[in-house]
Novice: 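My questions all concern the structure below.
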Amino acid sequence: MTGSANKSSYREKRLKAKEICCHCCGKKPPFCWKCKCGFSICQDCMQENAWSLSCNGITWQCPDCGKQNELGNQ
């Protein structure tokens, strides 16, 4: 008999699915910028690579698909 104690709850599965790791450093920070193509980058890596990802400080260009994404809450 398989017990339900080994199964994850719906909430645990949902939170686990939301865990996103940075594609640059591989860590799982609490916040990442995400592109619709699936690429994500953490704040530390964004600061290190801002010179190559953003030319205006308002948007950043995804290195995978080339799409422009916003940096702030605008």
Side-chain angles (χ1 to χ4, degrees):
M1 179 174 148
T2 59
S4 63
N6 294 337
K7 290 184 177 180
S8 299
S9 70
Y10 173 77
R11 180 176 221 140
E12 289 172 340
K13 287 179 185 176
R14 188 168 180 214
L15 289 174
K16 192 173 185 178
K18 284 187 175 182
E19 287 182 2
I20 297 171
C21 69
C22 175
H23 283 82
C24 294
C25 65
K27 295 178 183 173
K28 293 182 180 178
F31 172 76
C32 280
W33 278 280
K34 295 172 273 186
C35 182
K36 289 185 178 179
C37 72
F39 179 83
S40 62
I41 184 167
C42 70
Q43 190 167 4
D44 292 338
C45 292
M46 179 62 87
Q47 287 177 347
E48 289 177 15
N49 298 308
W51 61 273
S52 63
L53 297 175
S54 177
C55 63
N56 56 13
I58 298 171
T59 60
W60 62 280
Q61 184 175 11
C62 177
D64 281 355
C65 68
K67 184 175 188 269
Q68 292 288 325
N69 298 286
E70 294 180 0
L71 272 175
N73 295 330
Q74 303 154 1

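All of these numbers come straight from a predicted model, not from anything done at the bench. Values below: all heavy atoms of this structure, side chains included; hydrogens, waters and symmetry mates excluded.
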Novice: Where do P29 and I20 come nearest, in terms of heavy atoms and distance?
Specialist: CD-O, 4.1 Å
Novice: Please tell me if the side chains of W33 and Q43 come closer than 4.5 Å, counting only heavy atoms from C-beta onward.
Specialist: yes
Novice: H23 side chain to S40 main-chain N or O, any donor-acceptor pair under 3.5 Å?
Specialist: yes
Novice: Grab the two heavy atoms, one from L53 and one from P63, that are nearest each other, plus how far apart they are.
Specialist: CD2-CD, 4.0 Å
Novice: Tell me every residue that passes salt bridge (Lys or Arg N to Asp or Glu O under 4.0 Å) with K34, counting only those two or more places apart in sequence or in another chain.
Specialist: none
Novice: According to side-chain contact (heavy atoms from CB on, under 4.5 Å), who are the partners of C25, at least two apart in sequence or on a separate chain?
Specialist: C22, K27, C42, C45
Novice: Checking Q68 now: which residues fulfil side-chain contact (heavy atoms from CB on, under 4.5 Å) with it, not counting sequence neighbours?
Specialist: T59, Q61
Novice: Which heavy atom of S54 sits nearest to which heavy atom of L71, and what is that distance?
Specialist: OG-CD1, 4.1 Å
Novice: Can you list the residues that meet the side-chain contact (heavy atoms from CB on, under 4.5 Å) rule with S9, with sequence neighbours excluded?
Specialist: R11, E12
Novice: Listing request: all salt bridge (Lys or Arg N to Asp or Glu O under 4.0 Å) pairs with a residue in residues 37-62, at least two apart in sequence or in separate chains.
Specialist: none
Novice: Indicate the ring-plane relationship of F39 and W60, choosing parallel, tilted or perpendicular according to the 30° and 60° boundaries.
Specialist: tilted
Novice: Got a sec, which residues hit side-chain contact (heavy atoms from CB on, under 4.5 Å) with C55, two or more places apart in sequence or on another chain?
Specialist: none
